Amino acid sequence: MRIAVCPGSFDPVTKGHLDIFERASKLFDILVVAVFHNPNKKPLFTMEERVEMLQEATRHIPNIRVDGFSGLLNQYVRQQNSTVIVRGLRALSDFEYEFQRALLIKKIDPGMETIFMMTSSEYSFVSSSGIKELAKFGGDISCLVPLTIKEKVIQKMSKE
Ligand SMILES: Cc1cn(CCC(=O)O)c2ccccc12
């Protein structure tokens, strides 16, 4: 059984994320989309909200499992009976951080592999932070996130 883990903050999930999920889910028997609890960040949505939003947004992909985790990524991946991490790359600006992170994981856990997938060109500019910024000032985020996510972002922003 080939399992891969796709970790991220997904605060919120975007169409760029979904593009990677849909393509990566065809390469593995199970794709675990894992919301990472980052103690250094103050997310807009709670871990539970992000897991729920991801479950909704990926309902059409049968071999996806959504989960939340904290702690060391490589330990979590091994707990999922996997040694493969999948990350999406939007642009060259992502590469340096992702490259260092992949090398560090390889250093502490040589059996772990990180696979990078380029997002489709139509989503190469889409980021969760950009979407939140746009929504904050009343911009239309319809083409950047699934409809169910759009409503939740606007609702959450109205309370900020
Ligand atoms: C498109 C994309 C960006 N990233 C990293 C930045 C982020 O977490 O949004 C991903 C992580 C997993 C799957 C897809 C993506």
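Numbering of ligands and ligand atoms starts at 1, following listing order. From a predicted model like this one, the values you see are computed outputs, not experimental measurements. The residues of the chain are indexed from 1 along the displayed sequence.
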Can you check salt bridge (charged side-chain N to carboxylate O under 4.0 Å, His left out) on Arg87 and Asp94, steps first, answer last?
CA-CA 10 Å; Arg87 290 280 286 181; Asp94 283 344; over 6 Å; no
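- When each atom of ligand 1 is checked for a heavy atom of Cys6 under 4.0 Å away, the hits are 12 (C), 13 (C).
- Under a cut-off of 6.0 angstrom, the local environment of NZ in Lys106 is crowded, with over 12 non-hydrogen atoms contributed by other residues, nucleotides or ligands.
- In the vicinity of Thr119, heavy-atom distances shorter than 4.0 Å reach the ligand 1 atoms 1 (C).
- Every atom of ligand 1 is numbered from 1 in the order shown, and the set under 4.0 Å from a heavy atom of His17 is 1 (C), 2 (C), 7 (C), 9 (O), 10 (C), 14 (C), 15 (C).
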What's the verdict on side-chain contact (heavy atoms from CB on, under 4.5 Å) for Lys152 and Val145, showing C-alpha distance, side-chain angles and the deciding distance?
CA-CA 10 Å; Lys152 290 190 169 67; Val145 294; over 6 Å; no
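- Residue, atom and distance of the protein heavy atom nearest to atom 5 (C) of ligand 1 are Arg87 NH2, 3.5 Å.
- The environment of Gln80 atom CD is dense: over 12 non-hydrogen atoms of other residues, nucleotides or ligands sit within 6.0 angstrom.
- Using a 4.5 Å cut-off between side-chain heavy atoms of Ile, Leu, Val, Met, Phe, Trp and Tyr, with links allowed through other members, Val35 and Phe45 fall into the same hydrophobic cluster.
- The protein heavy atom nearest to atom 6 (C) of ligand 1 is Arg90 NH2, 3.7 Å.
- Distances below 4.0 Å separate heavy atoms of Pro7 from the following atoms of ligand 1: 11 (C), 12 (C).
- For Arg59, the CZ atom counts as loosely surrounded, since its 6.0 Å shell holds 12 or fewer non-hydrogen atoms of other residues, nucleotides or ligands.
- Counting only non-hydrogen atoms, the option in Gly88, Ala34, Ala24, Pro12 that gets closest to atom 4 (N) of ligand 1 is Gly88.
- The ligand atoms of ligand 1 that sit less than 4.0 angstrom from a heavy atom of Ser9 are 8 (O).
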